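Just the heavy atoms: all of them, side chains too, but no hydrogens, waters or symmetry mates, feed the values below. Given the structure is predicted, the values throughout are model-derived calculations rather than measurements.
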Amino acid sequence: MNKYVALLRGVNIGGRNKVGMQRLVEAMAAAGFKGVSTYINSGNLFFSLSGPATFKTTEEIEGLIRDEFNVVTDVLIKDKDDIGRIAAAIPKHWSHDRQTRVDIMFLWPAYDDPLALSENVSPVPNIDTVEFVGGALLWRVDKDKLGRSGQMRLPGTDLYKHMTIRNRNTVRKIAERLGVGA
């Protein structure tokens with residue numbers, strides 16, 4: 001069985017797009033998915049398939065969420081190798097804590113390219129540290145400088161609509177749950 005995580009974009013944020021995780025697990029299992037579980041309420045859905053996840057798998061999960069919860073959301077599926085590679089690329093000395101914010105911005109395929117990103121991402125020198133790793137942007141900023149960060153210019157952009165964001169700690173936990181080191 002191949003292990004996957006479906007990253008749901010924009011669910012359970014600020015009381016909007018509510019998707020009950022336990023109910024979602026039950027609906028996924030009823031639809032035939034195996035090994036279904038979740039991690040925290042922000043839309044991290046684990047499952048296993050005997051073969052590769054495809055565009056049809058993504059459509060099926062999006063349809064299930066739409067039908068079960070009346071929520072339209074985009075889903076990005078990553079396998080354990082993708083998550084392991086991305087988690088391993090996060091510099092070890094980057095911590096997500098009271099002083100520092102470290103976000104991993106998982107990218108939809110159309111933006112999974114350093115050239116496409118260079119036109120859409122504007123890190124601020126001496127404030128932001130941004131690294132591209134296939135499938136994601138790794139973005140570090142001191143929290144006291146967040147208001148001046150280039151990250152604040154992302155909402156409303158086309159790029160922002162084609163990413164889903166998790167913090168460093170969540171990505172490491174996702175990797176652990178998929179059985180890969182981080």
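With 3.5 Å as the limit, one finds a donor-acceptor pair spanning the side chains of Arg177 and Ser37.
Summarising the geometry of Ala89 relative to Leu138, their closest heavy-atom pair is O-CD1, 3.5 Å, with the distance given to 0.1 Å. Nearest heavy atoms, Arg168 versus Trp94: NE-O, 2.7 Å. Taking all atoms of both residues into account, the shortest heavy-atom contact from Gly150 to Val124 is N-CG2, 3.5 Å. Contact record, Phe47 with Ala6: CE2-CB, 3.9 Å, taken as the closest heavy-atom pair. When every heavy atom of Phe33 is checked against every heavy atom of Thr57, the shortest pair comes out as CE2-CG2, 4.0 Å.
Open room surrounds NZ on Lys18; 12 or fewer heavy atoms of other groups in view lie less than 6.0 Å from it. Under a cut-off of 6.0 angstrom, the local environment of CG in Asp158 is crowded, with over 12 non-hydrogen atoms contributed by other residues, nucleotides or ligands.
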Please set out all donor-acceptor pairs under 3.5 angstrom arising from side-chain atoms of residues 59-71, sequence neighbours excluded.
from, atom 1, to, atom 2, distance (Å)
Glu62, OE2, Val75, N, 2.9
Glu68, OE2, Arg23, NE, 3.1

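Linking Ile, Leu, Val, Met, Phe, Trp and Tyr whenever their side-chain heavy atoms come within less than 4.5 Å leaves Met21 and Leu7 in two separate clusters. The cluster map of Ile, Leu, Val, Met, Phe, Trp and Tyr, joined by side-chain heavy atoms under 4.5 Å apart, puts Ile86 and Ile77 in different clusters. At a threshold of 4.5 Å between side-chain heavy atoms, the hydrophobic network of Ile, Leu, Val, Met, Phe, Trp and Tyr places Val11 and Ile40 in two separate groups.
Taking the ring axis of Tyr39 as reference, the NZ or CZ atom of Arg172 does not stay both within 45° of it and closer than 6.0 Å to the ring centre.
At distances below 3.5 Å, not a single donor-acceptor pair connects side-chain atoms of Asp112 with backbone N or O atoms of Gly134.
Taking the side chain as every heavy atom from C-beta outward, Leu159 and Met105 never approach each other to under 4.5 Å. Residues Tyr160 and Asn120 are not in side-chain contact: their nearest non-hydrogen atoms beyond the backbone lie 4.5 Å or more apart.
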